[in-house]
Visitor: 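One structure coming up, written as C-alpha cells, with questions to follow.
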There are 2 protein chains.
Amino acid sequence: MPKVSEQHRAARRAQILDAARVCFLRNGFHATTMQDVFGASGMSAGAVYRYFPGKEEIVRAIAGEAITEITGALQPLVEAPGAPAPFYEVIAAAVTALERLDVERGIPRIAVQVWAESLRSPRLAADVEAIIGSVAPLMMRLVERHRDQAWLPADVPVEATARALIGLVPGFIVQRVLTGLDAATYLEGLRVLLPSRDRVGAAAQ
Amino acid sequence: MPKVSEQHRAARRAQILDAARVCFLRNGFHATTMQDVFGASGMSAGAVYRYFPGKEEIVRAIAGEAITEITGALQPLVEAPGAPAPFYEVIAAAVTALERLDVERGIPRIAVQVWAESLRSPRLAADVEAIIGSVAPLMMRLVERHRDQAWLPADVPVEATARALIGLVPGFIVQRVLTGLDAATYLEGLRVLLPSRDRVGAAAQ
DNA sequence: AGTATAAAAACGAACATCCGTTCTTGACAG
DNA sequence: CTGTCAAGAACGGATGTTCGTTTTTATACT
C-alpha cells in the first residue's frame, strides 16, 4: 500500500497553504477561486481536496496561522522574567515583528481580511476570539506587574489599560496595510505619546 | 415629459444604500447577492440597476459613506478655534462618536470590511486613500499647535506623532467589532497611557 | 377639470457565466 | 495484485446583469 510519509503529507499541506496565502493576498478570500489555488499550488483539484475538505477549511487554516503569528509577536517580551518590560518596548517588539511578517509573507494583510471575514462567519469568529482572547490576560498581567513596581497607581484600571495597549497593534496594522506606514515612524510617534520612565516629569503634551 | 423629482431620486438611492448596508453587515460584500439587496430594498432588479451601474458601485458608495463618517468624527475638535484640544479629548470625541455610529448603523463594521476590500480593489483603495489622506495633515496640524504651545518639544516629530495618534482610532474599531469593547473602557485605558497636562510629572510607567 | 400621450421608471423572468465540489479513471508504490 | 494518491473533466447550483414588457406620472390640449 503506497502510503506516503507523514513528512510528505505535511509538506503537501504547506504547499497548498502557501499557494492559498499568495492568492488570498492578491484577491481576497472570496475572489480567489479554487482553480486559482490549484494553479498556484501546482496541484490538481483531487489532490487539494484530499488535504482539505473545502475552501472554508483552507481559509480557517490561513486565518489561524496569521492571527497566531501576530499574537505570538506580543508574547515574548510580556512574559520575559525579571523586571517587566516598559510598554514602549513591548509594543516596539511587536510592531517590528509585524513589519517583518508583512514584508516576508503579508501576514498583516491577511489579518485585516480575517477581521472582516470573522464578522460574518461564526466559525472564524470563534477561532479568532479563542486566539485573541488569550492575549488580553497576558497584557493585563503585564499591567499588574507595572503596578506592582509602583510605576502605575495602585488603583490603575488593569483591563482598560491592557485594552488600550493592545489597540496599538491594530492601530499599526491598519495604517501599515492601507498607507504603507513603517514601524520606525510609528514607534517614533509612540515615544512621544507614551510616557517612559526616563522621561517622567518631562513636559509632554 | 415625466421625470420624477430630484428629491425622489435621492430618496430612492438612499433606500437602496440603506438596504445594502444592512445586507453587507449581515453577510459581507461578497456573500450578499444582488437578490438580497433587491429583497431588502423592496425594489426590483431593474429599478436598482437604474440607480447603480452594478454591485461594485454600491459597495463604493457604502464604503465612501462609512469612511467619510469616521474621519468626520475626528475633525470637529481638531479644528476647534482657541487653544488646541488635548490629544485625549480629541480621541475621546472620536471614539465616543464611533460607538454611536456602531450602535446606530454598524459603520465601524463596514469600515473593517472596506479595509479588507481595498486591499484587492484599486478603485476602492483610491477612494479610501483620498479620504484618509485628508486626515493626516489635519492631525499633523494639531500636533504642531501643541508644539507651538510648548506642550511638546520644539523638535517633536510631527508626522510620526500624528500617525501614532491616528492609530488609536483603528485600535478602538478593531477591538470594538471583534470583542465588543466599549468606548468608556478604552478611554479609561487611554487616560493611563497618554500623559495629560494635569498629570505632567506624575509617575506613569 | 378631464383626458390623451409619451417618456421615464419599475418589473422580473431569462441568460450566460462561473465556481465549488465530486467522481471516474489511471498511475504507482508495496 | 491491491490499496493509496493524483488527475482533471463534468455537474449542479447560484449569481450578476440584461432586456422586453408593464406601470406610473408629468405635461399638453381640449
Side-chain angles (χ1 to χ4, degrees), chain A residues 1-63 113 117 120-124, chain B residues 1-63 113 117 120-124:
Chain A
M1 329 151 188
K3 188 155 190 172
V4 103
S5 75
E6 199 53 45
Q7 185 177 349
H8 182 240
R9 286 193 68 92
R12 239 24 181 175
R13 238 185 101 95
Q15 180 180 352
I16 294 170
L17 289 181
D18 281 350
R21 206 189 54 247
V22 171
C23 293
F24 291 159
L25 281 173
R26 185 164 39 225
N27 279 98
F29 292 148
H30 287 93
T32 81
T33 69
M34 282 293 140
Q35 311 290 335
D36 291 339
V37 177
F38 304 154
S41 65
M43 295 171 71
S44 67
V48 170
Y49 271 87
R50 174 169 299 277
Y51 292 90
F52 291 93
K55 188 181 182 181
E56 188 184 332
E57 287 302 313
I58 297 181
V59 170
R60 283 185 68 190
I62 295 279
Q113 294 193 37
E117 185 65 11
R120 56 162 231 94
S121 161
R123 204 58 158 307
L124 205 57
Chain B
M1 312 146 188
K3 189 157 188 172
V4 103
S5 75
E6 200 53 47
Q7 186 177 350
H8 182 236
R9 285 193 66 91
R12 248 5 191 185
R13 235 186 106 95
Q15 181 179 352
I16 295 170
L17 289 182
D18 280 350
R21 207 190 51 248
V22 171
C23 293
F24 291 160
L25 280 173
R26 186 164 38 227
N27 280 99
F29 293 147
H30 287 94
T32 81
T33 69
M34 283 293 136
Q35 312 291 335
D36 291 340
V37 176
F38 304 154
S41 66
M43 295 172 71
S44 67
V48 170
Y49 270 88
R50 174 169 299 278
Y51 291 90
F52 292 94
K55 187 180 182 181
E56 188 184 332
E57 287 302 313
I58 298 182
V59 170
R60 282 185 70 189
I62 295 279
Q113 294 192 39
E117 186 64 9
R120 58 163 229 94
S121 161
R123 210 45 159 322
L124 206 56

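The sequence lines fix the lettering, A, B, ..., with proteins before strands; numbering per chain opens at 1.
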Visitor: Mind calculating the distance between CE (B/Met43) and P (C/dA8) to the nearest angstrom?
Guide: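 About 17 Å, once rounded to whole Å.
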Visitor: Output side-chain donor-acceptor pairs under 3.5 Å for residues 13-20 of chain B, partner residues at least two apart or in another chain, one line each.
Guide:
residue	atom	partner	partner atom	Å
B/Gln15	OE1	B/Arg12	NH1	3.2
B/Gln15	NE2	B/Ser41	O	2.9
B/Asp18	OD1	B/Arg21	NH1	3.3

Visitor: Calculate the interatomic distance between B/Ile58 atom CD1 and D/dG16 atom P; express it in whole Å.
Guide: 10 Å
Visitor: Indicate yes or no for a side-chain donor-acceptor contact from B/Glu117 to the backbone of B/Leu124 under 3.5 Å, with no hydrogens or angles considered.
Guide: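 Side chain of B/Glu117 to backbone of B/Leu124: no pair is present.
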Visitor: For the residue pair A/Phe29 and A/Lys55, establish whether any side-chain heavy-atom pair is separated by less than 4.5 Å.
Guide: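 Side-chain contact under 4.5 Å: no.
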Visitor: Angle between ring planes, A/His30 versus B/His30, binned at 30° and 60°: parallel, tilted or perpendicular?
Guide: parallel
Visitor: For C/dA10, does OP1 or OP2 lie under 4.0 Å from any side-chain N or O of B/Ser44?
Guide: no
Visitor: Rounded to the nearest 0.5 Å, how far apart are OG1 of B/Thr32 and CZ of B/Phe24?
Guide: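 It is 4.5 Å, given to the nearest 0.5 Å.
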Visitor: Is A/Arg9 near enough to D/dC5 that one of its side-chain N or O atoms lies under 4.0 angstrom from OP1 or OP2?
Guide: yes
Visitor: At under 4.0 Å between heavy atoms, which parts of nucleotides 18-25 of chain C does protein reach? Answer with one letter per nucleotide, 5' to 3': B base, S sugar-phosphate only, - none.
Guide: -SBBB---
Visitor: D/dC5, OP1 or OP2 - any side-chain N/O from A/Arg12 closer than 4.0 Å?
Guide: no
Visitor: May I have the distance from B/Asp36 (atom CG) to D/dT15 (atom P), rounded to whole angstrom?
Guide: 7 Å
Visitor: Roughly how far, to the nearest 0.5 Å, is the CD1 atom of A/Ile62 from the SG atom of A/Cys23?
Guide: 9.5 Å
Visitor: With a cut-off of less than 4.0 Å, is there a side-chain N or O of A/Arg50 near OP1 or OP2 of D/dA7?
Guide: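 Negative; the distance criterion is not met.
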Visitor: Please report the distance, rounded to the nearest Å, between NE2 in B/His8 and C1' in C/dA9.
Guide: 9 Å
